[in-house]
2 protein chains.
Amino acid sequence: MNIGDVAARSGIPPKTIRYYEDIGLVTPPRDTNGYRVFRETDMHKLAFMGRARALGFTIENCRNLLALWEDKERASADVRNIAKEHLAQIETKIADLNAMRDTLKTLVSSCSGDNRPECPILNNLATIANG
Amino acid sequence: MNIGDVAARSGIPPKTIRYYEDIGLVTPPRDTNGYRVFRETDMHKLAFMGRARALGFTIENCRNLLALWEDKERASADVRNIAKEHLAQIETKIADLNAMRDTLKTLVSSCSGDNRPECPILNNLATIANG
DNA sequence: GATAAGGTTTCCAGTGACTGGAAGGTCAAG
DNA sequence: CTTGACCTTCCAGTCACTGGAAACCTTATC
């Protein structure tokens, strides 16, 4: 399989696949013409990457998960810990965004949004500490 | 005021303040020794930036908001539109993160997390499309 | 055999919003 | 006069790609 086929099948753009090779996540051999030749295992790894990234795991997380995935002796606790920590980070991020949203929503609804210059949003940004 | 004082008062690190000068958000004059001299208006702008950034506005958003803030003739609708669009983006992000969290939560709770290698998290990442 | 389209290669540079670090100039206190 | 804290500039790195250029390869058509 050439890079284009893998890209189509995995949903990961060719550029990104090359980048993943650069950072050592996949190591497809080369054909005599220099083209990368992707095996089924490479394909699987990339699909795995796509799903893990879609769940917001960092590249380093993915690297660890891939290693665990390939390690038939791994303890599921190791995987679970990575996922749990990631889950905690996501929840923190959600909480932060919720706070932002609430503040913004209040500001937006307090602003008349007409042609007058009076604007509570700017007033707030200018003077009041956000909580 | 020197950069350190402004940093302390605005909560923005000196490095970041210099960066903001680089990209033209503030333009403090210089003393004879080359030190930046921050006026009250610079201080206000930086405090404004700090709050707008804390609400997740991008630098370009902030640039626009600052311009509107300084424009006494502005229409509050302009500000409101920026804020509303930003609000919509935040809500999209929250929805994405919520979906991630739900998936991850399910995966984490389905994994025994012991010494055995059997792990639903890896199985999922390896084979099942995420929704 | 020529040619054109499309796929592949490498390499370099840019994104956003900083942040770290090095090398050096300045200032106030003791 | 030295110490230490502050300030300056510049360069490089972060994260995870993404865009673009220039050149090579393959396939199809004429």
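Values in this document were obtained by computation on a predicted structure and should not be read as measured data. Chain identifiers are assigned alphabetically (A, B, ...) following the order of the sequence lines, protein sequences preceding nucleic acid strands; residue numbering begins at 1 within each chain.
Along DNA chain C, the stretch of nucleotides lying under 4.0 Å from any heavy atom of chain A spans, 5' to 3', C:dG7 to C:dC11.
Annotation: of the two residues near DNA chain D, A:Thr16 and B:Arg30, the 5′-most nearest-nucleotide partner is B:Arg30. Along DNA chain C, the nucleotide nearest A:Arg36 and the nucleotide nearest B:Pro13 are compared for position; the residue whose nucleotide lies closer to the 5' end is A:Arg36. Residues B:Arg53 and B:Lys15 both approach DNA chain C. Their nearest nucleotides, taken by heavy-atom distance, put B:Arg53 toward the 5′ side.
Side-chain atoms of A:Asp5 come within 3.5 Å of backbone atoms of A:Asn2 as a donor-acceptor pair (strictly under, hydrogens ignored). Here the side chain of B:Ser109 pairs a donor or acceptor atom with the backbone of B:Lys105 at under 3.5 angstrom. Panel note: side chain B:His44, backbone B:Arg39; no donor-acceptor pair is recorded below 3.5 Å.
The nearest whole Å value for the distance from the OH atom in A:Tyr19 to the P atom in D:dT18 is 10 Å. In this structure, A:Ile17 atom CD1 and D:dA16 atom P are separated by 17 Å, rounded to whole Å. The distance between atom CG of B:Asp31 and atom C1' of D:dC7, rounded to the nearest whole Å, is 11 Å.
Note on A:Tyr20: only backbone sugar-phosphate atoms sit closer than 4.0 angstrom, heavy atoms only; bases stay farther off.
The aromatic rings of A:Trp69 and A:Phe48 sit parallel, their planes meeting at an angle under 30°, below the 60° perpendicular limit.
A salt bridge does not link B:Glu118 to A:Arg74: none of the charged nitrogens lies less than 4.0 Å from a carboxylate oxygen.
Within the structure, every side-chain polar atom (N or O) of B:Arg18 is placed at least 4.0 Å from both OP1 and OP2 of D:dC6.
Here the closest non-hydrogen pair linking A:Val108 and B:Lys84 is CG1-CG, 3.5 Å.
Ranking D:dT9, D:dA16, D:dC7 by closeness to the B:Tyr35 side chain, first place goes to D:dC7.
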